[in-house]
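Please read the structure below before turning to the comments.
Lettering of chains follows the sequences in order, A, B, ..., and the numbering in each one begins at 1.
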Protein chains: 4
Amino acid sequence: MSEETKPRRRQARGERRIAQLLQAAANVFCAYGYTATSTNAIAREASVSPGTLYQYFPNKEAIAIELGERLLNEMREAHGQAFTPANLGLPLPELLDVVVDPMIAFNCEHPVFLALMHGSDVPGRIAEEHDALHANLLNRVQEVIAHYAPELSVEDRTRIADMTFAIFKGGLQLILAAPEGAERDAAITELKTVLLRYLSPLTGEPLTTLPNR
Amino acid sequence: MSEETKPRRRQARGERRIAQLLQAAANVFCAYGYTATSTNAIAREASVSPGTLYQYFPNKEAIAIELGERLLNEMREAHGQAFTPANLGLPLPELLDVVVDPMIAFNCEHPVFLALMHGSDVPGRIAEEHDALHANLLNRVQEVIAHYAPELSVEDRTRIADMTFAIFKGGLQLILAAPEGAERDAAITELKTVLLRYLSPLTGEPLTTLPNR
Amino acid sequence: MSEETKPRRRQARGERRIAQLLQAAANVFCAYGYTATSTNAIAREASVSPGTLYQYFPNKEAIAIELGERLLNEMREAHGQAFTPANLGLPLPELLDVVVDPMIAFNCEHPVFLALMHGSDVPGRIAEEHDALHANLLNRVQEVIAHYAPELSVEDRTRIADMTFAIFKGGLQLILAAPEGAERDAAITELKTVLLRYLSPLTGEPLTTLPNR
Amino acid sequence: MSEETKPRRRQARGERRIAQLLQAAANVFCAYGYTATSTNAIAREASVSPGTLYQYFPNKEAIAIELGERLLNEMREAHGQAFTPANLGLPLPELLDVVVDPMIAFNCEHPVFLALMHGSDVPGRIAEEHDALHANLLNRVQEVIAHYAPELSVEDRTRIADMTFAIFKGGLQLILAAPEGAERDAAITELKTVLLRYLSPLTGEPLTTLPNR
DNA sequence: GATGAATGAGGATTCATTCAT
DNA sequence: TATGAATGAATCCTCATTCAT
């Protein structure tokens, strides 16, 4: 028993440490950005010595990468089912709710995600990570678009997906900047409005003219 | 004459140096972000010794600030007249052209601008600069919105301006990422489409249903 | 136990490091003066990396300040009892022995002290430190003088104390410059002779004409 | 004529420049010490470009050396005649006046002198200069002592001369620190008192007991 | 595993000195 | 000669990373 239990416990402890470190890293990255964050600061935030940090990560970049991967997985796990066949059949407004809401919720819970995503300062391999994530998300958006407007050329579809995503990221920043509560809710609604107005012409259905407010 | 020519020449040389250094800084900031950029790297990019850099700027921050100010001035000079009373009278699509095109052109010519603007990593006084600029631009957008939809509450107007600006920044990144040529032009058109669809309901006029392409 | 022993050991090591660094600083300050001493030189003298130095001191000034404080304390501890009421009752020659000898011994052991004291080059806060010490010592000298010649005006007393101290510092330099042994001893005697001849008229007692040698 | 006049004028101009630079150097050395003084600061104080400074001096050290030499010469010229046979015959109090007064006057006019003399921070060759000067002055003092007390051993004479000089330097600092006027005069008198009391036993004559004030 | 001291290369900045004008 | 811009080695100091305990 002890041959298995003990290691397992070790691993469990290790996992806790890693989670703790990643959480700390997330906090500090959020506050100061990747480049300006020192590994010592992360260790301090995690109430851990620098040596311990390096027992779990080979270097600073690895922390950001692992953090990104975990966030990505969590996002997939929690909200991956948004793009189900069933949902694809929904009218656009409903689809937007189904897809956008969990994304926003996730980002509100994990503001590092956005910080890492558009971090103009992240170097090399981290950026690649982001690109991978980016491509992945874009693919999904493209699928949705393809479903609503199958006649579009690949280029058009790509461009629309890119723009949709860009809008989403821009709106997300606004939402995160807004204080929680009515203001943030209004920002969320606004983002949906933008997306709806932008995308509804794709559906063929008329845009049962919503007044602006 | 030589009492005047020489200093003038000196000053000219100094101005050239400053321009050269700022250009170098712009390049390196673009590539690596403000924080990750070393003054030595800037000097190297400018083919100049570190000492020379410090003959013209007291520190790294000052470079970014001066760069920001120059860009801002240039932007004002070149495109400040976009928001004239005459233009405010234009129908939305034309207004978008008049306002958005020069902004895009400017940013294509000076990609640092965006890099500095949304630099999640810029500290202290630089961030203030940006905030000032940001506020300034938002004000103008609000004025336009107020002109088209005077009945909106301040909150609504603010939110719409914020969102418009966010969309613009998002689109801009897309545009800058696109290779010059047809692709970039398409991206530009797409951004205008988004803005038009988002904002036209404000004007009261029906959105003479543009098909998506 | 290990919860206490380890930190204690750590602290002990830290204290040793600090002592080592201060000793190194003392050496280099002595040799080149405060301003001309680089932190890297101190680290090198201490056979330590620059980073280590900065783990214990925030900057060069702090090293000099801490060094000064420690010396001061040590001086107080070791020789503070020189100015006791009992001693004040002694005849001048004995008083000089009691007061001057330990001072000289201390300065022979810690030549930095003098280096820092009269450092014409020390800036800012260090100079303040020195002034405080200076004032303190002067006060004591004044007290002694007041004891021997209570009728003196404050101005006279101050001036005599200043001069006594100046003579002492000048003699000290001579003493430190002399090679240990007979020569140094002779220098010490000489300093006492000066002080005695200078101050004995204050005591009223006749100066039972000592021949010069 | 022009073959001679022009060069002479040039030389005259050069001399003026040098004097101007040395004066500037003196000022800045006084204020900040040798090490902390930058050549640029000297040039600025002299209202001259750094290049010009280096047209007249090969490096920073040379400035200090030249300054020292000039001061030394000036001192010799102005006050060298203090040690004349005639003066050596004077009773000690008068001799002190004759010798000490011009020295003090000189140092009051040229406070750099002292600054350079005891500069704990001056490097290499400058210190040698000082040593030369030092030796020179000490010799003179020894001569005087030998005149008053011919029976003293060389060692005794040397020591007394050293001490006399040390006292003098210490007193000088006090004098320079005192504000011009009554206070400075009192300090001067005090210094003479010290020297008189210290040296009069050498003369054999009784010290017609001066009260301390 | 955990600790935190130690390392040393690197970054910002200064300054003695040189050089084109 | 005078200028002041240019240089680059040297400072002070930080931080990613390693290592003895």
Nucleotide E/dC15, atom P - distance to CG of B/Leu53 in whole Å: 16 Å
Can you check whether B/Tyr56 has a side-chain N or O nearer than 4.0 Å to OP1 or OP2 of F/dA6? yes
Is D/Ser49 close enough to F/dG4 that one of its side-chain N or O atoms is under 4.0 Å from OP1 or OP2 there? no
Rounded off to whole Å, could you give me the CD1-to-P distance for the A/Ile63 and F/dC15 pair? 15 Å
Just to be sure I understand the rule, does D/Thr35 reach a base, reach only the sugar-phosphate, or reach nothing, if contact means heavy atoms closer than 4.0 Å? nothing
Return the 5'-most residue of the pair B/Gly51, C/Asn40 with respect to DNA chain F, ranking by each residue's nearest nucleotide. B/Gly51
Need one value for D/Ser47: base, sugar-phosphate or nothing, where a base atom within 4.0 Å counts as base even if backbone is also close, heavy atoms only. nothing
Nearest to the side chain of A/Thr39, heavy atoms from C-beta on, is which of F/dA16, F/dT1, F/dA6? F/dA16
Would you mind telling me which of F/dC12, F/dA6, E/dT13 lies closest to the side-chain atoms of C/Lys60? F/dC12
Any donor and acceptor pair, going by atom type alone, linking the side chain of C/His130 with main-chain N or O of C/Leu116 inside 3.5 Å? yes
Atom OH of D/Tyr34 to atom P of E/dC15: distance rounded to whole Å? 14 Å
Given the rule in the side chain to side chain donor-acceptor pair (under 3.5 Å) test, do D/Asn27 and D/Gln23 qualify, once you have shown the distances and angles that lead to the verdict? CA-CA 6 Å; D/Asn27 296 344; D/Gln23 182 56 51; 3.0 Å; yes
C/Tyr54 OH to F/dC13 C1', straight-line distance once rounded to whole Å: 5 Å
Salt-bridge contact B/Glu15-B/Arg70 (side-chain N to carboxylate O under 4.0 Å): yes
Taking CZ from C/Arg13 and P from E/dT7, how many angstroms apart are they, rounded to a whole number? 10 Å
Any idea which of E/dT18, F/dT7, E/dT13 is nearest the B/Asn59 side chain? E/dT13
In whole Å, I'd like the distance from the CD atom of C/Gln55 to the C1' atom of F/dT14. 11 Å
Measure from CZ on B/Arg44 to P on F/dA6 and round the result to the nearest Å. 18 Å
Indicate the atoms forming the closest heavy-atom contact of A/Cys30 with A/Val112, along with that distance. SG-N, 3.4 Å
C/Thr52 vs B/Thr37, nearer the 5' end of DNA chain E by closest nucleotide: C/Thr52
Axial cation check for B/Tyr34 ring with B/Lys60, 6.0 Å and 45° limits: yes
Can you identify which nucleotide, out of E/dT17, F/dT7, F/dA16, has its nearest atom closest to the A/Ser38 side chain? F/dA16
Rounded to the nearest Å, what distance is computed from the OH atom of residue B/Tyr32 to the P atom of nucleotide E/dG11? 12 Å
Whom does F/dT7 pair with, Watson-Crick or G-U wobble, provided both distances fall under 3.5 Å? E/dA16
